[in-house]
Amino acid sequence: MPPLRRRLFFGPPTAPASGLPVPHAVRGHEDMRTRFAPSPTGFLHVGGARTALFCYLQARAAKGVFILRIEDTDLERSTPESVQAILDGMAWLGLDYDEGPYYQTQRFDRYAEVAGQLLDEGRAYRCWCSKERIEALREEQMKLGQKPRYDGHCRDGAEPVAGVKPVVRFRNPLDGEVVFDDLVRGRISISNTELDDLVIARPDGSPTYNFTVVVDDLDMGVNLVIRGDDHINNTPRQINIYCALGAEPPAFAHVPMILGSDGARLSKRHGAVSVLQYREDGYLPEALFNYLVRLGWSHGDQEIFSRAEMIEYFDIRDVNRKAAAFDTDKLDWLNQHYMRSLPPGEVARHLRWHFKRMGIDPDQGPPLEDLVGVQADRVKTLKEMAEQSRVFYEELGDYDEGSAKKHLRPVAEEPLRAVGNRLADLLVWDPGRLNEAVRITAEERGIGMGKIAQPLRVALTGAAVSPSIDKTLWLAGRERSLERISRALAFIAARAAAM
RNA sequence: GCUCCCUUCGUCUAGCGGUCCAGGACGCCGCCCUCUCAAGGCGGAAACACGAGUUCGAUUCUCGUAGGGAGCGCCA
């Protein structure tokens with residue numbers, strides 16, 4: 001049997017009630033090992049993603065190792081699709097791990113081995129209590145205003161019950177207290193009298209969560225456990241198991257969960273909760289990453305961080321204690337920032353993905369880099385950008401009714417025809433010359449830019465909203481522009497004739 | 001019910017006993033710019049949950065109260 005590995009990278013997190021072992025120097029320990037351990041029972045949601053991201057950053061900051069472990073012991077609910085969704089989500093966010101993915105289902109022999117060891121040493125025992133008895137016990141205790149827990153009926157030896165396969169329970173200490181210094185919450189202590197003898201193996205021998213985590217983290221040499229704060233209450237039990245195994249517990253950091261914009265627990269009704277849904281909605285991974293890391297963590301007043309800066313500055317101990325509400329407006333702002341500041345080619349790559357999904361051929365129009373340069377500060381998401389740019393890649397459909405009525409009127413005919421002619425004479429189709437052509441046409445007539453730009457805009461895009469007129473012409477291209485101007489002139493003529 | 005945990009502008013946060021009649025960011029409001037929509041520039045409103053202590057002095061420390069969250073499984 002392989003020895004249980006012990007690794008320390010800072011002082012013991014457990015301590016007698018006196019003497020505070022201050023966790024020190026999280027950074028700089030080359031042997032730090034963290035892990036992200038999701039259970040594959042659904043997609044990777046933003047809360048889990050943020051936990052993963054903190055594990056990743058902390059490992060990178062300490063030049064340690066980041067491990068991925070899939071906790072799939074729940075055969076009923078775990079699915080290969082979920083595993084894939086987790087892997088895809090992490091890949092999209094750029095969370096690369098150094099070890100794994102390990103799968104708990106492949107380690108059942110090992111859990112059985114350790115459970116057997118605890119049994120042999122008397123640190124665990126078999127329990128034949130029926131579920132009915134446990135149920136009745138719980139009700140009784142609840143009625144008495146007590147915290148429901150196992151009463152230790154089989155703890156000191158019990159007669160096997162014929163035809164019943166026993167569970168294995170961990171023999172939890174009866175007194176004393178468990179104290180640990182959580183890297184984000186500070187000191188947490190709980191009395192052993194609050195804990196009971198938890199089941200570590202079911203009748204069929206399959207292990208339970210609190211037991212597998214300990215065995216895995218020990219075997220994998222994990223010395224810093226970063227996880228959601230819903231596990232705080234499990235930690236003391238786990239620490240007791242570490243001790244029973246004669247091992248040093250790792251350090252713990254419990255990060256708060258993410259709330260919906262209304263402060264309630266994040267759920268589907270808040271819109272996107274799955275990381276991959278954000279990709280579909282048009283967000284850049286850099287934006288979501290930056291948003292998530294700033295949610296509950298900060299470095300002075302800085303809002304924008306490059307990956308290298310995050311790694312340089314991140315320290316799990318700086319993570320906030322309280323749950324944070326997800327704010328889509330701020331994510332939007334970050335997304336726009338990254339659409340404008342990332343290399344256009346990089347943004348274009350993601351944009352291409354959206355075009356394809358929408359059934360638009362990105363090669364039937366201007367280069368996507370040019371499009372990004374023009375549209376990035378006009379939209380919040382790549383999806384919006386693609387939607388608002390179809391006219392540069394596809395045939396123009398019907399004019400927006402209101403826009404056509406307002407701008408494609410007989411008075412617009414002459415200026416539109418004039419600008420069309422001037423554009424047709426242009427030898428070079430670039431924004432500078434295009435702008436000049438429109439401006440001069442307006443000046444010659446002593447009319448405002450808007451008197452020409454708006455009709456032109458409707459002619460080119462079918463609606464009254466688009467990038468500045470020179471950029472719109474530039475993106476539409478010479479051929480499309482001239483053709484659409486002709487069409488608009490015909491439309492105006494037909495309308496005049498009908499009046 | 002019991003145990004554990006949390007509490008600064010609407011939201012994310014800075015603050016680690018005096019530097020705070022509390023700073024930044026998103027959002028919001030106003031003005032400017034302007035060929036539309038944006039973007040940009042300038043300005044503005046907006047918070048220490050409450051009550052006791054400790055202290056010369058509390059946003060910062062302690063204890064209560066209120067509010068919120070999590071856990072109490074042969075789920076993870």
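Each chain gets a letter, A, B and so on, in the order the sequences are listed, and its residues count up from 1. When reading the values below, keep in mind they use all heavy atoms of this one structure, side chains included, and skip hydrogens, waters and symmetry mates.
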Pairing nucleotide - [N], Watson-Crick or G-U, each distance under 3.5 Å:
N	answer
B:A22	none
B:A52	B:U62
B:C42	B:G30
B:C35	none
B:C2	B:G71

Taking only the [atom1] atom of each, what is the distance from [N] to [M] in whole angstrom?
N	M	atom1	answer
B:C4	B:A14	P	27 Å
B:U11	B:A47	C1'	12 Å
B:U34	B:G18	C1'	50 Å
B:U36	B:C42	C1'	23 Å
B:U13	B:C50	C1'	23 Å

Heavy atoms under 4.0 Å, any strand shown: does [X] hit a base, just sugar-phosphate, or nothing?
X	result
A:Gln146	base
A:Thr208	sugar-phosphate
A:Pro467	base

Counting heavy atoms from C-beta on, name the nucleotide in [options] closest to the side chain of [X].
X	options	answer
A:Lys330	B:G27, B:A25, B:A76	B:A25
A:Ser298	B:A38, B:G40, B:U13	B:U13
A:Asp329	B:C74, B:C26, B:C5	B:C26
A:Asp327	B:G10, B:A39, B:U3	B:G10
A:Lys147	B:A39, B:G71, B:A70	B:G71
A:Pro148	B:G1, B:C35, B:C74	B:G1

Please report, rounded to the nearest Å, how far the [atom2] atom of [N] is from the [atom1] atom of [X].
X	N	atom1	atom2	answer
A:Arg187	B:U62	CZ	P	14 Å
A:Arg321	B:C16	CZ	C1'	11 Å
A:Asn210	B:G73	CG	C1'	10 Å
A:Lys322	B:C9	NZ	C1'	11 Å
A:Arg149	B:U3	CZ	C1'	9 Å
A:Ile188	B:C6	CD1	C1'	11 Å

Below 3.5 Å, does any donor atom in the side chain of [X] face an acceptor in the base of [N], or the other way round?
X	N	answer
A:Glu303	B:G24	yes
A:Asp230	B:G71	no
A:Arg457	B:C35	yes

For this session: Assess A:Arg237 against A:Phe170: is NZ or CZ under 6.0 Å from the centre of the six-membered ring, and within 45 degrees of the ring's axis?
Result: no
For this session: Please say which of A:Leu482, A:Leu456, A:Asp430 ends up in a side chain to side chain contact (heavy atoms under 4.5 Å, CB included) with A:Leu473.
Result: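 Testing each of A:Leu482, A:Leu456, A:Asp430 against A:Leu473, the sole residue satisfying side chain to side chain contact (heavy atoms under 4.5 Å, CB included) is A:Leu456.
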Seminar exercise, completed: On a heavy-atom basis, the closest approach of A:Arg294 and A:Phe305 is CD-CE1, 3.7 Å
For this session: Would you please test A:His254 and A:Thr235 for side chain to side chain donor-acceptor pair (under 3.5 Å) and show each step?
Result: CA-CA 10 Å; A:His254 288 95; A:Thr235 307; 3.1 Å; yes
Exercise. Do A:Asn234 and A:Tyr209 have a side chain donor and acceptor closer than 3.5 Å?
Worked result: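 No, because no side-chain N or O of A:Asn234 sits under 3.5 Å from a partner of the opposite role on A:Tyr209.
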